[in-house]
Student: 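Got a structure for you, written out below as structure tokens; questions coming shortly.
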Amino acid sequence: MSSQVRGGTRWKRFALVMVPSIAATAAVGVGLAQGALAASFSVSGQDFKVSADKLDGDDLIQYGSVAKGKGLDGKDAAHPVTISGFRHAEITNMCQSLVTPIPGIGNITMKLQTGNKGRPAVAENIYLDVAELDTDATFTDLDIGVAVGAAGGTKEHPTAPQAGTVANGALFAQRAKKAVLTDVKQKAWATTAGTFTLPDLKLRLLSGDQPCYKDSDVK
């Protein structure tokens, strides 16, 4: 018996946290006050940019959390994020970049490119700690407003929340059997994956500010 499709809606520039901003901020604030939110590792003091022509993911789970780490000033820092988890994802024409200022030299861009010769990058059990996302999105079998503690980890919805990132199992989450994102531009603090296969990988250090996309490219 085929499952009923409750999703399939396309949303331009979908921020992936469909709750009012005031409520989302309040939930994050409560989590920080309780000291209950934590990433699976301490993140660096720099976010990075990722672009892709397409991300085709299975068994999506999304919810708000906080990535904790250090700022570039060496002080403790906490960054509100949307965690997007996929059981399986294929990413076409992926680019990842990080611009770092080097004293006496100037900006140096580390740029990674993969999945652009007919073979997409493939990730299993991947979690993305996203700060900003601009994309076109299509969801299939979408459930919005699920309690994060009940959103995954079952046979029907196998992607469970990432360990150590949930303050309260009753908080807001959403899930979908499939999510297809096109023209992806995102800023993230962390990515973790069980396995990540990167065909035709190219890693370059470039002089100056040469990110995967510029902020002015996002309309």
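Because only heavy atoms are used, hydrogens play no part in the values below, and waters and symmetry mates are left out as well, while side chains stay in.
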Student: State, to 0.1 Å, how close Phe48 and Ser97 come at their nearest heavy-atom pair, and which atoms those are.
Tutor: CB-O, 3.4 Å
Student: Shortest non-hydrogen contact from Lys185 to Asp183?
Tutor: NZ-OD1, 2.9 Å
Student: May I ask whether Val122 and Leu60 are part of the same hydrophobic cluster, defined by side-chain heavy atoms of I, L, V, M, F, W, Y residues being less than 4.5 angstrom apart, directly or through others?
Tutor: no
Student: I need the minimum non-hydrogen distance between Gly45 and Trp189, along with the two atoms involved.
Tutor: C-CZ3, 3.8 Å
Student: Considering only distance and modelled atom types, tabulate donor-acceptor pairs under 3.5 Å from the side chains of residues 87-95, sequence neighbours left out.
Tutor:
from	atom 1	to	atom 2	distance (Å)
Arg87	NE	Asp59	OD2	2.5
Arg87	NH2	Asp59	OD2	3.3
His88	ND1	Glu124	OE1	3.3
His88	ND1	Glu124	OE2	2.8
His88	NE2	Glu90	OE2	3.2
Asn93	ND2	Asp53	OD1	3.4
Asn93	ND2	Asp53	OD2	3.1

Student: Nearest 0.5 angstrom please: Met110 CE to Thr100 OG1, how far?
Tutor: 7.0 Å
Student: For residues 193-211, which side-chain N or O atoms pair as donor and acceptor with protein atoms under 3.5 Å away, sequence neighbours left out?
Tutor:
from	atom 1	to	atom 2	distance (Å)
Asp200	OD2	Arg119	NH2	3.3
Gln210	NE2	Ser207	O	2.8

Student: To the nearest 0.5 Å, how far apart are OH in Tyr63 and OG1 in Thr82?
Tutor: 10.5 Å
Student: With a 4.0 Å cut-off, would you call Lys178 and Asp56 a salt bridge?
Tutor: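 Salt bridge flag = yes for Asp56 with Lys178.
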Student: Kindly write out the residues that satisfy side-chain contact (heavy atoms from CB on, under 4.5 Å) with Ala77, not counting sequence neighbours, or none if the list is empty.
Tutor: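 Result, side-chain contact (heavy atoms from CB on, under 4.5 Å) vs Ala77: His79.
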Student: Taking salt bridge (Lys or Arg N to Asp or Glu O under 4.0 Å) as the criterion, tell me which of Asp143, Asp141, Asp58 meets it with Arg175.
Tutor: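 With Arg175 as partner, Asp143, Asp141, Asp58 yield a single salt bridge (Lys or Arg N to Asp or Glu O under 4.0 Å), made by Asp143.
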Student: Treating Ser44 as the side-chain partner and Gln46 as the backbone partner, does any N or O pair qualify as donor plus acceptor under 3.5 Å?
Tutor: yes
Student: Do Val184 and Val50 pass the side chain to side chain contact (heavy atoms under 4.5 Å, CB included) test, and can you show the C-alpha distance, the side-chain angles, and the key distance before you say yes or no?
Tutor: CA-CA 8 Å; Val184 178; Val50 179; 5.8 Å; no
Student: Grouping I, L, V, M, F, W and Y whenever their side-chain heavy atoms are under 4.5 Å apart, do Ile144 and Phe139 come out in a common cluster?
Tutor: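 In one cluster: yes.
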Student: On a heavy-atom basis, which atom in Gly57 and which in Phe86 lie closest, and how many Å separate them?
Tutor: CA-CD2, 3.6 Å
Student: Could you work out, with salt bridge (Lys or Arg N to Asp or Glu O under 4.0 Å) as the rule, every residue matching Lys49, not counting sequence neighbours?
Tutor: Asp215
Student: Between Val99 and Ile108, is there shared hydrophobic-cluster membership here, with clusters defined by ILVMFWY side-chain heavy atoms closer than 4.5 Å?
Tutor: no
Student: Are Phe172 and Val146 connected, step by step, through hydrophobic side chains (Ile, Leu, Val, Met, Phe, Trp, Tyr) whose heavy atoms are closer than 4.5 Å?
Tutor: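 In one cluster: no.
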Student: Under the rule for salt bridge (Lys or Arg N to Asp or Glu O under 4.0 Å), what residues qualify as partners of Lys54, not counting sequence neighbours?
Tutor: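 For Lys54 there are no salt bridge (Lys or Arg N to Asp or Glu O under 4.0 Å) partners, ignoring immediate neighbours.
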Student: Tyr213 and Ser51: which non-hydrogen atoms are nearest, and at how many Å?
Tutor: CD2-CB, 4.1 Å
Student: Taking all atoms of both residues into account, what is the closest heavy-atom pair of Val66 and Val81, and its distance?
Tutor: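 Here Val66 and Val81 meet closest at N-CG2, 4.1 Å.
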Student: Measuring only between side-chain heavy atoms, which start at C-beta, is Gln162 closer than 4.5 Å to Asp129?
Tutor: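 They are in side-chain contact.
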Student: State whether the side chain of Ser65 and the backbone N or O of Ile83 hold a donor-acceptor pair below 3.5 Å, judged by distance alone.
Tutor: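 Side chain of Ser65 to backbone of Ile83, a donor-acceptor pair under 3.5 Å: no, none is there.
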Student: Quick one: pull up NZ in Lys187 and SG in Cys212 and give me the separation to the nearest 0.5 Å.
Tutor: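 The distance works out to 12.5 Å.
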Student: How far does CG of Leu133 sit from CD of Gln62, to the nearest 0.5 angstrom?
Tutor: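 Leu133 CG to Gln62 CD: 8.5 Å, rounded to 0.5 Å.
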Student: Using the side-chain hydrogen bond (donor to acceptor under 3.5 Å, both in side chains) criterion, which residues pair with Lys70? Sequence neighbours excluded.
Tutor: Asp76
